[in-house]
Peer 1: 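Supplied in C-alpha cells, the structure appears directly below.
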Amino acid sequence: MGAGLFAEAAHAEPAVGAGASGIRPFRVSFPDEALIDLRRRVLATRWPSRELVADDTQGVQLATVQALARHWASDYDWRRCEARLNGLPNFITEIDGLDVHFIHVRSKHANALPVIITHGWPGSIIEQLKVIDPLTNPTAYGGTAADAFDVVIPSLPGHGFSGKPTVLGWDPIRTAKAWIVLMNRLGYTRYVAQGGDWGNAVTEQMALLRPPGLVGIHTNMPATLPDAVSTALATGAPGPTGLSPDEQYAWNQLDFFWKHGLAYAQEMGNRPQTLYALEDSPVGLAAWMLDHDAKSYELIARVFDGQTEGLTRDDILDNVTLYWLTATAVSSARLYWESKLPFFAPKGVTLPVGVSAFPDEIYTAPRSWTERAYPKLIHYNRLSKGGHFAAWEQPALFTQEIRATFQSLRSGA
C-alpha cells in the first residue's frame, strides 16, 4: 500500500461528529507504515546525472537534493512536526461541499482582532506556524495587549488537510467565498485578512466581494503591475523607459522570472494531471517544490550546504513531507489550472490595504506601483531582508508588518 493511501486514511479519520455546517476537531495522525514507505522511497531514489554547469541555471542541483534526501532518510522526524501541529487547535468544517481544514488560535487578550491568513503554493499551513504565538500572544514578543490577534489559518482546497475538490470551479474566487463563510461561522463580525502568493489572490478576492465584516487586508506579494509592464513581459519587449530605481529593480526581477522562472506555473496551469511523478517520488516532489523561485531556492541550497538562514532543513522538510503524506501534489497543482485571474495585475481593491515589499520576493513592488494599485493604501514598507515565504523565513518582521498595517483599523474590534 502506497503512502498516498495512508494519507487519505489519516485525512479522513478525524472528520466525525458534526453536520454539514458544524465544526469538528481535527487531529493529525499518519501511521508508521506511511513514514516507513516514505523513507524506503527516498533511499530508493534513482538519481539523474549531475548538472553540466557550475551553477543552478540547469535547475535544482544534484548536491542540494542529495543532501536533502540524506537528511530526510536519516535525521528528519515527522513526528516532531506532527506533535507541533497537534499542539494547536485544528478543525474541519464543510463549506460548499468541501471539507476545509483550519487552525484557529484565540488570543487570551480582550478585543483581539481576528485575522485569516492564507498560504500559497508550494506553501502550506507550515508557513505560518512561527507567527501564531507572536500574533496571539504579543506581550511575549515585544508588543502590547492592544496588538493581539485571533488567528485563523485554513488549508487551501486540494492542499494539506483540506478536501480535494471533486468538481470544477475551486478557483481563488470560490475559495474567497468559502473563507467568508468560515469567518462568519466562527462568529467574527469584524476581521482582517492576509495572504501572499495564492493567499494574496484569495485575499484580494475577499476584498472585492466586500463582505460586511472584512475591514482591511495585508499582502506580502501584491498585484501592482502597470499595463505597460504587463504588456512588455507578455510580448518579450524591453521594459518601459523612464523607470525609477525601485521600478527598474522590480522590472529586472520580473523579466528574469518571466524568462527563467515561470515554467513550473505554466505546466501546472496547463497540464497539472501530467505530474504523476510528484505523487510517486518524494525526492521528485521535493525538487519540484524547491524550484519555485530563484531566491528561495538559493536560500534553501545554502541551508542544505550547512549555512544558517531564516529556514532550517527541518522547516523545509516539514512542508514537503506534508505534501507527500497528504498526497496533494496534483490536487494542489490544479489551482493553477482553475484560476483565470491575471496574477500580478491590479484588481481594483478599494478596501484599506497594507503592503510589505520584501527584497527577495518574485518582485519587490515599488511604492509608486503600489499606490496606484491600492487607492486606500494604509501601510507600505520596503524591507531589507526576506523573500517569498516571509512569515516562515522572517516571522519577527512579518509580525511587525501585520501589527503596523492593522493598527489603525482596530477601533471597534
Peer 1: Using side-chain heavy atoms (C-beta onward) and a distance below 4.5 Å, is P138 in contact with R403?
Peer 2: yes
Peer 1: Checking side-chain contact (heavy atoms from CB on, under 4.5 Å) against L208, which of M206, R210, Q205 comes through?
Peer 2: Q205
Peer 1: Can you find a side-chain donor-acceptor pair between D133 and Y141 that sits under 3.5 Å?
Peer 2: yes
Peer 1: Applying ring pair (Phe, Tyr, Trp, His ring centres under 6.0 Å), can you list everything that pairs with F256, at least two apart in sequence or on another chain?
Peer 2: H260
Peer 1: Output the distance between atom CG (L409) and atom CD1 (I217), rounded to the nearest 0.5 Å.
Peer 2: 11.0 Å
Peer 1: Is a donor from one side chain sitting under 3.5 angstrom from an acceptor on the other, for Q273 and R334?
Peer 2: yes
Peer 1: Does a side chain donor of either N220 or H388 reach within less than 3.5 Å of an acceptor in the other side chain?
Peer 2: no
Peer 1: State whether the side chain of T219 and the backbone N or O of G195 hold a donor-acceptor pair below 3.5 Å, judged by distance alone.
Peer 2: yes
Peer 1: Taking only residues two or more places apart in sequence, or in another chain, which ones meet H109 in a ring pair (Phe, Tyr, Trp, His ring centres under 6.0 Å)?
Peer 2: none
Peer 1: Would you find a donor on one side and an acceptor on the other, under 3.5 Å apart, between the side chain of D293 and the backbone of I362?
Peer 2: no
Peer 1: Between F398 and W392, is the gap from one ring center to the other below 6.0 Å?
Peer 2: no
Peer 1: Working to the nearest 0.5 angstrom, can you tell me the gap between I378 CD1 and S408 OG?
Peer 2: 4.0 Å
Peer 1: Please determine whether the number of non-hydrogen atoms from other residues, nucleotides or ligands lying under 6.0 Å from atom NZ of K347 exceeds 12.
Peer 2: yes
Peer 1: What is the distance from atom SG of C81 to atom CD1 of I126, rounded to the nearest 0.5 Å?
Peer 2: 4.0 Å
Peer 1: Below 4.5 Å, heavy atoms only, C-beta onward: do K164 and W170 meet side chain to side chain?
Peer 2: no
Peer 1: Using the six-membered ring wherever Trp is involved, compare the ring planes of F102 and H104 and label them parallel, tilted or perpendicular (cut-offs 30° and 60°).
Peer 2: tilted
Peer 1: Looking at every non-hydrogen atom in both residues, tell me the closest pair between V105 and P89 and how far apart they are.
Peer 2: CG2-CD, 3.7 Å
Peer 1: Could you tell me whether the side chain of S332 and the main chain of A329 form a donor-acceptor pair under 3.5 Å?
Peer 2: yes
Peer 1: Is there a donor-acceptor contact under 3.5 Å from the side chain of E94 to the main chain of D99?
Peer 2: no
Peer 1: Between the side chains of D171 and K177, is the shortest nitrogen-to-carboxylate-oxygen separation below 4.0 Å, so that they form an ion pair?
Peer 2: no
Peer 1: Between D246 and R382, does at least one N-O distance fall below 4.0 Å, as a salt bridge requires?
Peer 2: yes
Peer 1: Considering only heavy atoms from C-beta outward, does the side chain of W179 approach that of T203 to under 4.5 Å?
Peer 2: no
Peer 1: Kindly say whether G310 contributes a backbone atom to a donor-acceptor pair with the side chain of Q394 at under 3.5 angstrom?
Peer 2: no
Peer 1: Does Q66, at its CD atom, have more than 12 non-hydrogen atoms belonging to other residues, nucleotides or ligands within less than 6.0 Å?
Peer 2: yes
Peer 1: I'd like to know whether E82 forms a side chain to side chain donor-acceptor pair (under 3.5 Å) with S29, so could you lay out the CA-CA distance, the side-chain angles of the two residues, the decisive distance to 0.1 Å, and finally the verdict.
Peer 2: CA-CA 7 Å; E82 193 171 85; S29 178; 5.4 Å; no
Peer 1: Kindly indicate whether the side chain of Y188, heavy atoms from C-beta on, has any atom under 4.5 Å from the side chain of V152.
Peer 2: yes
Peer 1: Between T45 and W47, is there a donor-acceptor pair closer than 3.5 Å when you use the side chain of the first and the backbone of the second?
Peer 2: no
Peer 1: Considering residues at least two apart in sequence or located in another chain, which fulfil the salt bridge (charged side-chain N to carboxylate O under 4.0 Å, His left out) criterion with E371?
Peer 2: R367
Peer 1: Name the one of R79, K130, R80 that satisfies salt bridge (charged side-chain N to carboxylate O under 4.0 Å, His left out) with D318?
Peer 2: R80
Peer 1: Please check if the side chain of Q61 supplies one atom and the backbone of E51 the other of a donor-acceptor pair under 3.5 Å.
Peer 2: no
Peer 1: Please tell me whether S107 and D150 have a donor and an acceptor in their side chains that are separated by less than 3.5 angstrom.
Peer 2: no
Peer 1: Which atom pair, heavy atoms only, marks the closest approach of I125 to H119?
Peer 2: N-CD2, 3.9 Å
Peer 1: Between N200 and Q194, do the side chains contain a donor N or O and an acceptor N or O under 3.5 Å apart?
Peer 2: no
Peer 1: Tell me every residue that passes ring pair (Phe, Tyr, Trp, His ring centres under 6.0 Å) with Y297, counting only those two or more places apart in sequence or in another chain.
Peer 2: none
Peer 1: Start with the C-alpha distance between T93 and R185, add both sets of side-chain angles, then the distance that settles side chain to side chain donor-acceptor pair (under 3.5 Å), and finish with yes or no.
Peer 2: CA-CA 9 Å; T93 190; R185 191 168 292 175; 2.7 Å; yes
Peer 1: Would you name the heavy atoms of A223 and A345 that are closest together and state the gap between them?
Peer 2: CB-O, 3.4 Å
Peer 1: Compare all side-chain heavy atoms of V202 with those of L156 and state whether any distance is below 4.5 angstrom.
Peer 2: yes
Peer 1: Which heavy atom in L278 sits nearest to a heavy atom in G284, and how many Å separate them?
Peer 2: CD2-O, 3.7 Å
Peer 1: How many angstroms lie between CZ in F389 and CD in E361, if you round to the nearest 0.5 Å?
Peer 2: 9.0 Å
Peer 1: Counting only N and O atoms by type, is there a donor-acceptor contact under 3.5 Å from the side chain of E267 to the main-chain atoms of P272?
Peer 2: no
Peer 1: Would you call D37 and R40 a salt bridge, taking side-chain N to carboxylate O under 4.0 Å as the test?
Peer 2: yes
Peer 1: Is the number of heavy atoms from other residues, nucleotides or ligands within 6.0 Å of CG (D227) greater than 12?
Peer 2: no
Peer 1: Would you say Q248 and N252 are linked by a side-chain donor-acceptor pair, where the criterion is simply a distance under 3.5 Å?
Peer 2: yes
Peer 1: To the nearest 0.5 Å, what is the distance between CG (L214) and CD1 (I180)?
Peer 2: 7.0 Å
Peer 1: Examine Y264 together with H292 and report whether their ring centres are nearer than 6.0 Å.
Peer 2: yes
Peer 1: Crowded around R302 CZ? As in, over 12 foreign heavy atoms under 6.0 Å?
Peer 2: yes
Peer 1: For N90, which of R27, H101, R24 qualifies under side chain to side chain donor-acceptor pair (under 3.5 Å)?
Peer 2: H101
Peer 1: Is the closest side-chain heavy-atom distance between V229 and W251 below 4.5 Å?
Peer 2: yes
Peer 1: Compare every heavy atom of Y323 with every heavy atom of G123, then report the nearest pair and how far apart it is.
Peer 2: O-OH, 2.5 Å
Peer 1: Which residue pairs pass the ring-ring contact (aromatic ring centres under 6.0 Å, His included) test with at least one member in residues 356-387, sequence neighbours excluded?
Peer 2: F344-Y363
Peer 1: Starting at NZ of K340, measure out to CD1 of I173 and round the result to the nearest 0.5 Å.
Peer 2: 10.0 Å
Peer 1: With the side chain counted from C-beta on, respond yes when V215 and V192 share a heavy-atom pair under 4.5 Å apart, and no when they do not.
Peer 2: yes
Peer 1: Looking only at heavy atoms, which two atoms of V283 and W72 are closest? And how far apart?
Peer 2: N-CZ3, 4.1 Å
Peer 1: Can you check whether T57's main-chain N or O pairs, donor with acceptor, with D55's side chain at less than 3.5 Å?
Peer 2: yes
Peer 1: Measuring only between side-chain heavy atoms, which start at C-beta, is L88 closer than 4.5 Å to I132?
Peer 2: yes
Peer 1: Is a donor from one side chain sitting under 3.5 angstrom from an acceptor on the other, for E401 and N381?
Peer 2: yes
Peer 1: Let me know which of W198, F257, Y336, W258 forms a ring-ring contact (aromatic ring centres under 6.0 Å, His included) with F343.
Peer 2: W198
Peer 1: Applying ring pair (Phe, Tyr, Trp, His ring centres under 6.0 Å), name anything that partners H218, two or more places apart in sequence or on another chain.
Peer 2: none
